[in-house]
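Order of the sequence lines sets the chain letters (A, B, ...), proteins ahead of strands, with each chain counted from 1.
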Amino acid sequence: MPPATGAAVLRDAWLIAGKDLRIEMRSRVGLNQIVPFAVTVLVLFAFALDTDQEALRTYAPGLFWVTVLLAALLAIGRSFAVDLADGAADRLLLSGIDPIAVFGGKALAIAGQLVVLEVLLAAGVVLMFDVTVYRYGLLVCAGVAAAAGVAAAGTLYGALVAGLGARETLLPVLLLPVVAPVLIGATRAFQDAFGAAGAEGWAWLGLLAGFAAIYGVFGALSYGALLEEA
Amino acid sequence: MEHAVRLRAAVTLLGRFPALAGVDLDISPGEIVLLKGPNGAGKTTMLRLCAGLCPLASGQGWVLGHDLHVQRRMVRRRVALLGHRSGLYDDLTVAENMAFWARAAGGESADVEEVLGRLSLTGRLADTRVGRLSAGQRRRASIASLVVRRPELWLLDEPHAGLDQQSRDTVDSLVRGAAAAGATVVLATHELERIQVLDPRVVSVVGGMVRADRDGGRAAARSGSMSGPPDAEGDAAGDGGRCAS
């Protein structure tokens with residue numbers, strides 16, 4: 001079998017991403033379960049800090065990203081659950097699609113869902129926590145870069161955990177420490193976007209982009225071996 | 001290519017236990033082969049080994065000319081495996097599932113509409129989500145998603161399970177057509193009476209080993225016993241069994 005060309009990998013990645021996104025739109029798990037979960041977490045944070053509006057504004061970036069990461073765990077778990085539910089994971093192996101394309105497609109679909117979730121949660125933060133956005137460009141770039149990084153690492157660890165057969169419980173334990181740099185970088189970038197002094201958001205954006213690039217390359221290279229075990 | 005499948009002292013593990021314990025088997029291109037044996041005998045594992053999904057722990061094996069030790073990805077692209085599970089996505093319609101698997105197969109896929117027609121999955125059924133199908137309809141959709149790939153080696157585990165008489169006849173017709181077109185078909189089933197119409201070569205698998213290998217399947221299936229000795233592994237070799245290298 002000749003190695004897949006770049007165009008074929010892109011075509012297949014788009015095919016996988018389209019399939020995953022169509023399943024999510026059709027099942028409405030994201031809309032009916034993941035989004036309400038994330039909004040509930042934000043509301044609980046607001047309740048916990050309700051008496052101190054200044055504290056809410058100060059901690060809004062961190063609370064936002066903790067919420068995104070918790071919701072991301074559900075989205076990542078769901079992405080692998082649909083493949084494992086009725087044997088489609090085996091069919092994907094038998095399809096001959098290059099593992100790089102499977103990785104890219106699944107990561108792209110997860111990143112797309114996270115970006116939508118971030119938009120909804122950002123609106124919630126502005127309304128509930130009374131924050132003002134001063135740098136929209138930084139906010140958007142940091143949101144996209146962080147989503148890409150979490151999606152790349154999540155796809156990698158999701159496949160690893162699926163292979164171990166303990167996906168519901170093990171994924172948070174393995175993934176959350178790994179994405180801690182995303183939490184830190186994205187929180188700092190959002191602090192800058194929300195007008196905090198000395199946050200140097202663009203520098204932290206570089207960290208987010210670097211994290212996404214490293215996990216994107218590492219995931220693409222190692223995904224084939226992980227699929228063999230899944 | 002001399003053999004579609006050639007196994008020599010093939011051993012495959014499920015966890016620490018050998019699901020196949022030294023299998024020797026040759027299957028020629030265009031043959032229809034029936035694997036028969038009791039539950040847990042290793043039939044499903046043998047199918048998954050031939051599909052390139054289970055690794056060889058020891059021994060040697062070639063499928064469609066590819067070495068099972070180092071070329072399993074090449075094997076996978078050329079075979080189709082019908083397991084106990086459908087391999088379909090519940091939230092996609094039948095037509096969407098077919099289109100996805102046809103596109104995943106690349107340029108070698110069959111005409112989706114034609115395949116859906118042969119398996120009576122056209123019209124409203126084609127636009128129905130797989131999760132809302134009956135068990136028999138779901139099985140037909142699963143078979144259709146294999147046919148669109150135009151595989152060179154068909155590996156069918158209980159292909160008639162859950163199907164009505166008309167659908168069983170259609171599956172038999174598909175198998176005969178595939179073999180006539182040069183594809184190789186390996187089936188595992190307990191429905192020996194049913195399978196006589198395909199006149200297969202019969203290979204008896206017991207305890208992870210080939211116990212008997214008889215050509216002239218019609219006579220063999222008539223005289224062959226459906227029940228072998230009980231197997232200590234139970235159903236470990238089923239669809240959910242996890243292979244180990």
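- Counting non-hydrogen atoms of other residues, nucleotides and ligands closer than 6.0 Å to CZ of Arg176(B) gives a total above 12.
- Arg76(B) contributes no side-chain N or O that, together with a main-chain N or O of Leu92(A), makes up a donor-acceptor pair within less than 3.5 Å.
- The backbone N or O of Arg11(A) lies less than 3.5 Å from no partner atom in the side chain of Arg103(B), so there is not a single donor-acceptor pair.
- Using a 4.5 Å cut-off between heavy atoms, Gln71(B) makes no contact with chain A at all.
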For residues 113-122 of chain B, which side-chain N or O atoms pair as donor and acceptor with protein atoms under 3.5 Å away, sequence neighbours left out?
from      : atom 1 : to        : atom 2 : distance (Å)
Arg118(B) : NH2    : Ser173(B) : OG     : 3.3

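- With a 4.5 angstrom heavy-atom cutoff, Leu88(B) touches chain A via backbone and side-chain atoms both.
- Taking every heavy atom of both residues into account, Ala88(A) and Trp101(B) meet most closely at O-CH2, 3.8 Å.
- Of all heavy-atom pairs between Arg91(A) and Leu81(B), the closest is NE-O, 3.9 Å.
- The two residues Leu94(A) and Ala51(B) come nearest to each other via the heavy atoms CD2-O, 3.4 Å.
- For the side-chain hydrogen bond (donor to acceptor under 3.5 Å, both in side chains) criterion with Asp86(A), the lone passing option out of Arg138(B), Arg85(B), His84(B) is Arg138(B).
- Among residues 25-37 of chain A, the residues having any heavy atom closer than 4.5 Å to a heavy atom of chain B are, in sequence order, Arg26(A), Ser27(A).
- Of the listed residues (Leu146(B), Asp90(B), Val75(B), Val79(B)), the one with the most heavy-atom contacts under 4.5 Å to chain A is Leu146(B).
- The side-chain contact (heavy atoms from CB on, under 4.5 Å) search around Val82(A) returns Ile23(A), Glu24(A), Arg78(A), not counting sequence neighbours.
- Contact of Phe100(B) with chain A is made through backbone and side chain together, with heavy-atom distances under 4.5 Å.
- Your options are Ala104(B), Ala80(B), Pro151(B), and the one with the most heavy-atom pairs under 4.5 Å with chain A is Ala104(B).
- The nearest pair of heavy atoms linking Asp98(A) to Arg73(B) is CA-NH2, 3.8 Å.
- Considering every non-hydrogen atom in both Asp90(A) and Arg48(B), the closest pair reads OD2-NH1, 2.9 Å.
- Residues from residues 108-126 of chain A never place a non-hydrogen atom less than 4.5 Å from a non-hydrogen atom of chain B.
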